[in-house]
Amino acid sequence: MQNFLETLNHPQQQATTTVKGPMMIIAGAGSGKTRVITYRIAYLMQNGVDPFSILALTFTNKAAKEMKERIEHIVGADKARSLWMGTFHSVFSKILRIEAEKLGFPTNFTIYDTDDSKSLLKSIIKELGLDEKQYKPGLVYNRISAAKNNLLSWKAYNANEEIQREDKLSVKPQLGTIYKIYQQRLFQSSAMDFDDLLFNTNILFRDFPDVLLKYQHKFKYVMVDEYQDTNFSQYVIVKKLAAVNENICVVGDDAQSIYAFRGANIQNILNFKKDYPDLKVFKLEQNYRSTKIIVKAANSIIANNKAQLKKEVWTQNDEGEKIDVLRAFTDNEEGQIVASSIFETKMNETAQHSAFAILYRTNAQSRAMEEALRKQNIPYRIYGGLSFYKRKEIKDLLAYCRLTINHNDEEALKRVINYPGRGIGDATIDKIMVAAANNNTSMWEVLQQPAYYQVNINQGAINKLNDFAEMIKSFAAIANTQTAFDAGNHIAMQSGLLKELYNDKSPEGVSRYENIQELLNGMKEFSENDVQDLVVQEVETQTRFLKDYMQDIALLTDDLDDKDGDNNKVSLMTIHAAKGLEFPYVYIVGVEENLFPSQLTINSLDELEEERRLFYVAVTRAEKRATISFATSRYKWGNLTACEQSRFIDEIDADCLNYKFGNNSAAANNGFFDDLDFSSSKEGWGNKYKQRTDIGTSKFSNANQTAKTPPKPAFAPPKNLTKLSTAANKTGSEIQGDDTRNLAVGNNVEHQRFGIGIVEVIEGIYPNQKATINFTEAGQKQLILKFAKLKILG
DNA sequence: ACCGTATTCAGCGCG
DNA sequence: TGAATACGGT
């Protein structure tokens with residue numbers, strides 16, 4: 001039982017077995033943080049602590065799930081199940097449902113997601129007759145969100161002179177009014193947005209001391225993961241909950257704080273000592289993930305930040321290879337270079353596609369990468385795209401379910417009242433909305449008795465509304481007696497939704513139909529009690545109703561694996577999305593001034609430091625090898641813009657870098673990488689460069705560029721750049737290809753560096769052929785023929 | 001009510 | 001550039 005401790009290093013052990021009193025674990029990148037948290041919880045349980053009295057808060061569902069599974073392995077499923085572990089939002093939404101009526105909410109309140117919130121804001125802005133360009137729903141949402149995360153109610157917001165001044169200066173004086181109406185409408189709809197889940201928890205704990213006391217005594221041990229990303233609202237909740245027992249353990253890494261832009265407060269971790277003078281601090285500094293080079297590079301990056309806790313990350317791992325720095329002339333070419341590099345590395349080191357990740361600063365950069373990967377037939381998966389639960393058809397069915405559970409849910413009602421079409425048009429809906437607002441009631445109330453609320457509509461519309469209301473009521477009756485799946489299935493069919501999709505025979509329509517089936521499958525699983533509760537597993541085994549299913553559906557994010565079952569794909573994602581993940585080979589692309597660091601941050605030291613931490617996060621995702629690339633021109637908002645390499649590259653210890661600048665695009669894509677493991681070659685890039693200049697066909701060659709550290713390109717992108725590079729690539733490819741087109745198994749060949757060998761296997765179709773060659777000196781190698789320059793010896 | 005065209009906008013995104 | 005949405009014509 002206890003021997004899991006033996007697998008830990010000294011600081012890890014200390015952090016794991018210290019359980020009383022306030023403590024902070026500063027966990028460097030790749031330092032085994034998750035192991036420490038999970039072992040610590042297991043250790044608590046093994047020492048007689050009731051799992052019900054342990055609260056562990058994470059930032060993502062994924063992290064919670066992962067840790068819970070690990071704990072299960074150590075202490076068993078039964079015990080692990082009783083643990084309170086989940087995201088802030090899921091844990092406190094659960095508590096809010098239990099205590100809802102104290103705040104005047106029903107237990108079955110709806111959780112509005114960002115789209116619901118923005119849609120509500122949009123209608124409020126419209127109703128107030130405000131200019132939608134002046135009050136963009138997204139910006140208004142962010143402003144309100146920031147206020148809530150700083151525990152500013154709409155009243156406080158409007159009473160705060162400084163805020164009012166700010167809003168007037170930014171020509172948005174009505175923000176406070178919008179905030180007020182927004183909250184009223186949420187309440188009217190029995191709904192809370194994401195920020196309300198935390199804000200209202202604070203209200204609950206502030207106004208109901210007995211409730212607070214109950215949870216203070218319940219949660220004797222509190223742990224918070226990713227503490228550097230907590231905002232003020234979360235900070236106050238944690239502080240209050242831990243105030244009685246003070247068994248509070250926070251885990252984080254100030255160097256990886258990358259969410260200040262949405263309210264996370266790095267001061268929470270930097271100031272933790274002030275809150276708890278007798279705080280114990282543990283530092284996990286040994287990195288188990290990355291090579292020495294990567295750790296050294298990362299340390300040299302973060303050393304440029306002023307605000308940081310002292311920490312020395314080191315590793316016993318191998319030295320590893322230097323970080324390649326690749327330059328392309330365009331964003332498209334950057335994609336080609338990266339894709340080629342992945343292809344080669346995969347072949348040369350027999351790596352899986354899933355060993356690679358391409359990380360970028362902005363989502364817009366994914367397009368060039370995708371195109372290049374597709375051209376080379378490299379399978380990939382984009383993370384952070386449209387999630388399952390954000391698809392229209394899924395939201396439609398869920399909206400019916402939401403309305404069934406909570407008739408006051410206005411956003412759900414607006415979504416489905418005329419979809420599928422039932423002749424209730426915009427005019428009618430507008431009238432109902434106005435009447436609801438005037439009478440301070442919900443649309444549901446109004447549409448049931450439009451005459452009473454003096455809505456001026458004809459009998460036809462009244463009948464249709466009546467039919468709709470009756471249908472929703474019949475759904476509710478079924479939802480109260482049958483399982484979640486049976487109710488969901490009934491709703492999908494009787495609402496006409498399924499039929500609507502079934503009749504659409506286009507590929508998209510078929511896919512939507514399948515998605516609905518998929519959602520129903522999920523409901524079925526849930527109904528059969530196969531699904532673990534997000535926070536704590538209920539012990540009861542009674543019927544699982546639709547209302548149970550709907551409880552945290554808004555809080556779910558799908559981390560589903562690809563449906564085709566093939567997860568052996570290159571991962572593409574933003575650096576933000578990559579946090580917490582690791583890959584053997586990591587490509588960080590678009591490392592250019594004004595992109596990374598982003599143009600919007602370079603005038604603020606704090607924001608620039610956050611960008612630098614983001615870069616630190618990116619580099620530390622790599623286990624074996626990191627590669628950095630940038631382009632000297634790229635399309636921004638439709639315009640070809642000149643770019644130069646990022647200051648962040650210059651900040652990396654020069655010993656860690658290996659500049660691999662081709663002289664032109666053709667060489668970069670075809671000739672330059674022909675020695676597959678060139679990066680370990682002693683030749684250095686300068687010689688290499690000279691060797692290759694003769695291959696180049698591009699007009700942009702610059703033969704004078706031989707300095708050790710390449711100068712920053714003063715580069716004005718020529719017109720038709722893309723076309724020219726493409727033509728150059730083609731030429732290069734043909735030159736290479738002719739040598740090996742007729743290569744056959746059994747041929748003797750000579751390679752420039754590996755010497756003489758015999759061809760054993762040829763795979764693939766020209767020009768993408770791969771050969772296994774047994775070299776007399778160098779042994780067996782896998783080479784890509786279009787890159788490897790082989791001489792056939794007959 | 002619906003569809004095609006014009007216009008607009010573009011930062012990262014947990015829950 | 002290209003996706004999302006607003007608008008205007010039928």
Side-chain angles (χ1 to χ4, degrees), chain A residues 57-64 86-94 111-119 122 126 132-133 136-139 141-142 145 148-149 192-199 201 225-226 228-231 233-234 257-264 330-332 359-368 371 383-387 389-390 392 418-419 421-427 534-535 552-559 573-580 590 594-602 607 610-611 613-615 617-618 634-641 722:
Chain A
L57 297 167
T58 63
F59 260 79
T60 61
N61 288 313
K62 200 179 161 201
T87 62
F88 273 89
H89 292 87
S90 58
V91 166
F92 295 110
S93 76
K94 195 153 203 96
I111 298 169
Y112 273 8
D113 68 16
T114 314
D115 289 343
D116 296 319
S117 298
K118 285 182 186 166
S119 153
K122 203 173 169 182
K126 223 175 192 171
E132 271 194 56
K133 279 164 197 159
K136 289 180 198 159
L139 291 177
Y141 176 79
N142 287 340
S145 171
K148 287 183 188 174
N149 288 333
M192 296 188 195
D193 69 13
F194 287 138
D195 301 310
D196 284 337
L197 296 175
L198 307 173
F199 185 90
T201 300
D225 188 17
E226 306 281 14
Q228 76 280 356
D229 288 339
T230 50
N231 58 40
S233 180
Q234 291 164 322
S257 163
I258 54 174
Y259 284 115
F261 73 90
R262 63 166 194 232
T330 65
D331 44 4
N332 287 327
L359 309 182
Y360 34 79
R361 178 66 180 79
T362 66
N363 277 312
Q365 291 166 255
S366 76
R367 186 196 50 84
E371 265 172 33
Y383 289 76
L386 196 59
S387 103
Y389 294 102
K390 283 193 169 161
K392 182 185 177 300
N418 198 31
Y419 181 79
R422 44 177 75 88
I424 305 175
D426 290 346
L534 266 181
V535 184
D552 342 72
I553 203 78
L555 300 175
L556 281 185
T557 42
D558 55 334
D559 54 351
M573 64 186 89
T574 63
I575 300 162
H576 283 91
K579 193 174 171 197
N594 296 331
L595 179 59
F596 195 12
S598 152
Q599 198 167 6
L600 300 144
T601 64
I602 51 182
E607 288 182 76
E610 175 147 319
E611 293 282 295
R613 292 193 294 270
L614 192 58
F615 190 51
V617 167
R634 81 171 54 240
Y635 277 95
K636 283 181 185 169
W637 307 303
N639 295 317
L640 193 59
T641 319
T722 318

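We name chains A, B, ... by the order of the sequence lines, and we start the count at 1 in each one. Small disclaimer: the values here were computed from a predicted structure and weren't measured.
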Output the rounded distance in Å from [atom1] ([X]) to [atom2] ([N]).
X: A:F194; N: B:dC14; atom1: CZ; atom2: P; value: 10 Å
X: A:L555; N: B:dC14; atom1: CG; atom2: P; value: 13 Å
X: A:E226; N: B:dG15; atom1: CD; atom2: C1'; value: 14 Å
X: A:D229; N: B:dC12; atom1: CG; atom2: C1'; value: 13 Å
X: A:I575; N: B:dC12; atom1: CD1; atom2: P; value: 11 Å
X: A:F615; N: B:dC12; atom1: CZ; atom2: P; value: 18 Å
X: A:Y635; N: C:dT1; atom1: OH; atom2: P; value: 7 Å
X: A:K118; N: B:dG13; atom1: NZ; atom2: C1'; value: 9 Å

Practice item. Please tell me which of A:D426 and A:S145 maps to the more 5' nucleotide of DNA chain B, matching each residue to the nucleotide holding its nearest heavy atom. Key: A:D426
Review point. Which residue, A:Y141 or A:E610, contacts DNA chain B at a nucleotide closer to its 5' end, judged by nearest heavy atom?
Key: A:E610
Point to revise | C:dA3 and B:dC14, which share atom name C1', separated by this distance in whole Å | key: 24 Å
**Study point:** Pairwise C1' distance for B:dG11 and C:dA6, with rounding to whole Å
**Key:** 24 Å
Point to revise | A:Y259: ring-ring contact (aromatic ring centres under 6.0 Å, His included) partners, not counting sequence neighbours | key: A:F261, A:H576
Practice item. Please report the C-alpha distance between A:T574 and A:Y383 in whole Å, then the side-chain angles of each, then the deciding distance to 0.1 Å, and finally whether the side-chain contact (heavy atoms from CB on, under 4.5 Å) criterion is met. Key: CA-CA 8 Å; A:T574 63; A:Y383 289 76; over 6 Å; no
Practice item. Determine, for nucleotides 3-11 of chain B in 5'-to-3' order, which nucleotides have protein heavy atoms under 4.0 Å from the base (write B), from only the sugar-phosphate (write S), or from neither (write -). Key: -------BB
Practice item. For nucleotides 4-10 of chain C, just jot down a letter per nucleotide in 5' to 3' order: B, S or -, based on protein non-hydrogen atoms under 4.0 Å. Key: --S----
Exercise for review: Ignoring backbone atoms, test whether A:T574 places a side-chain nitrogen or oxygen under 4.0 Å from the OP1 or OP2 oxygen of B:dG13.
Suggested key: yes
Revision key, fill the gap. Regarding the side chain of A:F59, the nearest nucleotide among B:dG15, C:dG2, B:dC14 is B:dC14
Point to revise | Residue A:D195, side-chain heavy atoms: nucleotide from B:dG15, B:dG13, C:dG2 that is nearest | key: B:dG15
**Study point:** Under the side-chain hydrogen bond (donor to acceptor under 3.5 Å, both in side chains) test, residues paired with A:S257 that sit two or more places apart
**Key:** none
Practice item. For A:K392, enumerate each residue passing the side-chain hydrogen bond (donor to acceptor under 3.5 Å, both in side chains) test, keeping only those at least two apart in sequence or located in another chain. Key: A:D396
Exercise for review: Would you state whether a donor and an acceptor, one from the side chain of A:R262 and one from the base of B:dC14, lie under 3.5 Å apart?
Suggested key: yes
Review point. Is the base of B:dG15 touched by the side chain of A:T114 through a donor-acceptor pair closer than 3.5 angstrom?
Key: yes
Review point. Roughly how far, to the nearest 0.5 Å, is the CG atom of A:N594 from the NZ atom of A:K636?
Key: 5.0 Å
Revision key, fill the gap. In A:L595, A:T330, A:T641, A:L640, the residue satisfying side-chain contact (heavy atoms from CB on, under 4.5 Å) with A:R634 is A:L595
Check your understanding: Does the A:N418 side chain pair with the main chain of A:I424, one donor and one acceptor, at a distance under 3.5 Å?
Key -> yes
Practice item. Determine yes or no for a side-chain-to-main-chain donor-acceptor pair under 3.5 angstrom, with A:D196 supplying the side chain and A:D193 the backbone. Key: yes
Check your understanding: Considering residues at least two apart in sequence or located in another chain, which fulfil the salt bridge (charged side-chain N to carboxylate O under 4.0 Å, His left out) criterion with A:E371?
Key -> A:R367
Review point. Do the non-hydrogen side-chain atoms of A:F59 and A:D225 ever get within less than 4.5 Å of each other?
Key: no
